[in-house]
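Quantities reported herein were computed from a predicted structural model and do not represent experimental measurements.
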Amino acid sequence: MQRLQAFKYELMPTGEQQRQMRRFAGSCRFVFNQALALQQANREAGGKYIGYVAMAKQLTAWRNSAETSWLKEAPVHPLQHALKDLEKAYKNFFEKRADFPRFKRKGQRDSFRYPDPK
């Protein structure tokens, strides 16, 4: 018989760690909102849905841009997951399981995922 066990941890970050986590969450929110705005502009122009791979290339352009060079300070994996979250939101919308994706606001359920254990 196999037994599954879960663990729950409470994070107690220092002040500097809290600032960095807020910065990472803000970067993810910015990427999500920029990608959503790009998708909406493309849709209004009569274009098709832009997939994750094309949006990941756009993320690289945003990170290398002089205007948004601050995105380089955030790890890339959480930013990529923000794009995957947007893709999932669009998929749910197209399959009529959810409403159209909306822009994220600062301070409301700010979060990010860091999937890479390294």
Side-chain angles (χ1 to χ4, degrees):
M1 179 161 92
Q2 185 179 14
R3 180 178 161 209
L4 299 176
Q5 185 172 0
F7 296 96
K8 191 173 187 179
Y9 298 97
E10 179 183 359
L11 296 178
M12 297 171 75
T14 64
E16 178 60 30
Q17 290 170 336
Q18 285 179 356
R19 280 189 290 279
Q20 282 207 324
M21 284 196 267
R22 278 194 219 106
R23 195 175 308 136
F24 294 166
S27 297
C28 290
R29 183 179 59 250
F30 175 81
V31 167
F32 183 92
N33 288 342
Q34 286 293 107
L36 181 57
L38 189 63
Q39 291 280 16
Q40 286 181 347
N42 187 42
R43 185 175 177 206
E44 289 172 3
K48 292 186 177 183
Y49 172 74
I50 303 170
Y52 169 74
V53 175
M55 290 305 265
K57 289 180 183 176
Q58 187 64 38
L59 173 62
T60 304
W62 290 332
R63 285 175 55 96
N64 292 332
S65 171
E67 302 159 350
T68 56
S69 62
W70 50 270
L71 282 175
K72 286 185 180 180
E73 296 172 10
V76 72
H77 291 111
L79 301 178
Q80 290 171 344
H81 268 272
L83 293 178
K84 287 182 182 181
D85 290 342
L86 179 62
E87 184 175 46
K88 191 175 191 179
Y90 262 98
K91 184 178 180 183
N92 288 336
F93 169 71
F94 289 138
E95 293 179 3
K96 299 186 188 326
R97 290 187 292 212
D99 292 333
F100 192 78
R102 288 187 263 173
F103 291 99
K104 293 188 178 195
R105 293 180 144 183
K106 182 178 181 178
Q108 293 183 350
R109 296 174 24 176
D110 284 340
S111 65
F112 66 93
R113 284 179 286 151
Y114 205 99
D116 192 15
K118 297 177 184 172

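Remark: E10 engages M12 in a side chain to side chain contact (heavy atoms under 4.5 Å, CB included) (not counting sequence neighbours). Judged as a side-chain hydrogen bond (donor to acceptor under 3.5 Å, both in side chains), and not counting sequence neighbours, the contacts of R19 are E16. Residues forming a side-chain hydrogen bond (donor to acceptor under 3.5 Å, both in side chains) with E95 (at least two apart in sequence, or on another chain): R97. Checked against side-chain hydrogen bond (donor to acceptor under 3.5 Å, both in side chains), R29 has the following partners two or more places apart in sequence or in another chain: D110. Residues satisfying the side chain to side chain contact (heavy atoms under 4.5 Å, CB included) criterion with F94, sequence neighbours excluded, are Y49, Y90.
Under the 3.5 Å distance criterion, the side-chain polar atoms of S27 are matched with a main-chain donor or acceptor of R23. Side-chain N or O atoms of Q80 include none that pairs as donor or acceptor with a backbone N or O of A56 at under 3.5 Å.
Between L36 and L86 the shortest heavy-atom distance is N-CD2, 3.6 Å. Scanning all heavy atoms of the two residues, the minimum distance from W62 to A35 falls at CH2-N, 3.6 Å. Nearest heavy atoms, P13 versus Q18: CG-CG, 3.6 Å. Taking every heavy atom of both residues into account, F24 and E73 meet most closely at CE2-O, 3.8 Å. Nearest heavy atoms, R102 versus F32: O-CE2, 3.4 Å. Scanning both residues, F112 and C28, for their nearest heavy atoms gives CB-SG, 3.7 Å.
Of the inter-residue distances, the one linking K104 atom NZ with Q108 atom CD reads 11.5 Å to the nearest 0.5 angstrom. Summarising the geometry, atom NE2 belonging to H81 is positioned 10.5 Å from atom NZ belonging to K88; distances are rounded to the nearest 0.5 Å.
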Next on the checklist: Please determine whether side chain to side chain contact (heavy atoms under 4.5 Å, CB included) holds for the pair M55 and Q39, giving the CA-CA distance in whole Å, both sets of side-chain angles, and the decisive distance to 0.1 Å.
Outcome noted: CA-CA 9 Å; M55 290 305 265; Q39 291 280 16; 4.2 Å; yes
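L11 belongs to no hydrophobic cluster, as no Ile, Leu, Val, Met, Phe, Trp or Tyr side chain comes under 4.5 Å of its own.
Note: the hydrophobic cluster containing F30 also contains L83 (ILVMFWY, side chain heavy atoms under 4.5 Å, direct or indirect links). Residue W70 is grouped with residue V31 when hydrophobic side chains (ILVMFWY) are merged at heavy-atom distances under 4.5 angstrom, including chains of intermediate members. Cluster membership for Y52 and L71, using ILVMFWY side-chain heavy atoms within less than 4.5 angstrom, is shared. Hydrophobic clustering, with ILVMFWY side chains joined whenever heavy atoms are under 4.5 angstrom apart, keeps F93 apart from I50.
Q2 CD: 12 or fewer foreign heavy atoms inside a 6.0 Å radius.
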